[in-house]
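In what follows, chains are A, B, ... by sequence order, proteins preceding strands, each numbered from 1.
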Amino acid sequence: MKKYRLKLTTLEFRFLQSILIRLAEAYKNNLPDNIAHQILIELYESRFNVSVVDQNLEKTLVLNRSVVLAFHQFLNEIPLSGDADLLRNQLFNQFDVFLQS
Amino acid sequence: MKIKGDLWLFNPHCELSILKEQQHYTPPKMIKKVQNDLSVLLAWLVGDGDSVLIEKQVVNKAWKELLHSVVGIDFKFVTSKEVKESKIAFNAVKSWGKSPSLVSDFHFLPPKYQQFYEWNRQLKDVFHRQFGYNILTYIIDNEVNRAISSTRIGKFCLDYQEVVNEIENVFIKNSFGVIMKLPYSSSGRGILVLKRNEITPSVQKWIESALNQQGSVLVEPLLEKEFDFSLLFKKHNNTIEFLGGSSFLAGLTGQYYGSGLNTFRSYFSDLEWESIMKIITLIKTKLKDEKRLEGHFGIDALVFKGANGERFIHPCVEINPRYTMGHVTLGLQKAVPLHKKAEWRIVTKHEVTDFVAFQKEMEQKHPLSIHLNKVQSGFLPLVDVNLVQNYYAYLLVEDEEI
């Protein structure tokens with residue numbers, strides 16, 4: 001199965017980290033019934049649960065299709081505004097292209 | 001066999017099905033969730049004796065009675081199973097939007113209803129962005145005061161180099177940004193915003209994939225938006241009726257969050273309002289003989305800030321040739337006294353983790369008062385909280401008068 005290499009700038013990494021933290025917090029006391037959310041919480045715990053990210057650091061994550069699908073769904077449903085909405089738009093479209101290829 | 005009014009289906013996936021031109025179209029999970037949770041909003045569009053198709057049968061009786069008391073007409077929620085087993089007969093079948101997949105959406109109905117949802121291939125052109133773009137250029141050609149100028153609207157590009165050149169051109173004139181749109185897009189898909197004049201590999205991929213799939217990309221200057229609004233119409237043969245307008249809250253790429261009620265006029269100055277009236281007349285003139293367009297439609301527009309801070313109207317960002325949330329807003333407006341400040345909102349699980357607790361809290365904080373079939377003040381759930389999973393909707397009427 002084709003994997004997706006997601007290159008993230010520090011800003012994008014922090015953005016994804018911040019929305020995944022909120023997702024993980026929402027499920028602090030119960031297990032997610034939504035599989036996409038479950039996949040993203042697992043990803044958060046394995047790759048995003050770090051406190052310091054170097055400035056100007058490019059991070060590359062290799063994601064399988066189910067994780068990309070989960071991100072694609074999650075980014076579409078969260079309400080955001082301003083710069084966060086802009087970052088969401090960029091990442092959503094990257095995943096969209098991959099999923100359609 | 002019982003004869004009922006019309007049967008209504010909420011099919012927010014209509015645009016996606018049109019793009020794919022598939023009769024047997026399976027919507028993405030996220031659209032399916034919107035459909036399951038928000039079908040009941042059609043209660044604000046239906047007529048006396050009509051039925052709204054929903055997924056689950058067991059709608060809470062107390063909530064349904066509450067809804068009936070403000071909708072003010074007799075309507076029912078039905079499931080496909082119920083329709084099939086009880087052989088309920090309808091006068092007509094209606095949907096949120098026409099699409100090729102209505103055939104499979106209404107698979108449970110006998111063939112005699114097919115006349116109501118037969119797909120006409122020519123309708124696809126009405127959903128293409130070019131259709132709305134033609135309305136926009138027609139309005140601009142008629143020189144409406146305070147309307148966007150022709151130098152600030154977008155351009156359809158047919159190949160990669162043309163897109164790149166146009167992005168460059170737009171950034172020279174407008175440093176705020178560029179927005180690229182696919183001819184067919186919905187639910188936040190098919191729209192890419194650039195704030196910097198930089199074609200990264202992922203942006204390049206997006207453009208190439210867009211051109212490959214849909215043949216063109218609309219490249220527009222990103223405008224400094226003050227607020228979004230929509231103009232709502234109904235067309236029957238050669239007559240177009242303007243139903244009203246609504247200002248709404250939306251994300252960068254069009255995700256709908258809700259709308260204020262009774263306040264539409266107050267968003268505009270007297271001069272702007274004159275322009276809005278002229279725009280409505282022009283839209284009616286342009287579309288009255290358009291045979292492919294029939295029924296309810298909405299035109300999304302916005303007010304933006306120019307370089308010197310003055311306000312301009314973008315009179316047609318896109319046309320939605322179907323029912324829209326704006327039509328729902330107009331329905332809701334009938335349930336609220338004209339002088340009362342009110343809003344309705346759609347919230348997701350990401351804003352409100354526990355819908356049941358949220359509803360309880362809001363009901364306590366804003367006790368509901370209904371008089372003469374109108375919500376005088378308070379919080380009214382627009383969905384059955386026990387049946388929704390990801391989306392919740394409510395109406396909040398304040399004590400405050402406008």
Other residues, nucleotides, ligands: >12 heavy atoms within 6.0 Å of A:I21 CD1: yes

Set of ring-ring contact (aromatic ring centres under 6.0 Å, His included) partners for A:F15, sequence neighbours left out: none

Heavy-atom proximity to chain A below 4.5 Å, by part of B:Q389: neither

A:D83 atom CG, neighbour heavy-atom count above 12 within 6.0 Å: no

Residues which pass side chain to side chain contact (heavy atoms under 4.5 Å, CB included) with A:Q73, listed by chain and number, not counting sequence neighbours: A:N34, A:A36, A:E77, B:K29, B:M30, B:K33

Neighbour count >12 (heavy atoms, 6.0 Å) for atom NZ, B:K124: yes

Residue part contacting chain B, namely of A:L80, when any heavy atom lies under 4.5 Å: backbone

For the student: nearest non-hydrogen atoms of B:S209 and A:V97, plus distance: CB-CG1, 4.1 Å

Crowding at CZ, A:R65 (>12 non-hydrogen neighbours, <6.0 Å): yes

Minimum side-chain heavy-atom gap A:H37-B:K349 below 4.5 Å: no

Flag side-chain contact, heavy atom, 4.5 Å: A:N89 against B:L192: yes

Intermediate values then yes/no, side chain to side chain contact (heavy atoms under 4.5 Å, CB included), B:H350 and A:L23: CA-CA 8 Å; B:H350 302 292; A:L23 182 71; 4.2 Å; yes

For chain A, the option from B:S202, B:P28, B:A250 that forms the most heavy-atom pairs under 4.5 Å: B:S202

Pick from A:G82, A:P79, A:S81 with the largest number of heavy-atom pairs that fall under 4.5 Å of chain B: A:P79

Side chain, backbone, both or neither of A:D85 within contact of chain B (heavy atoms, under 4.5 Å): both

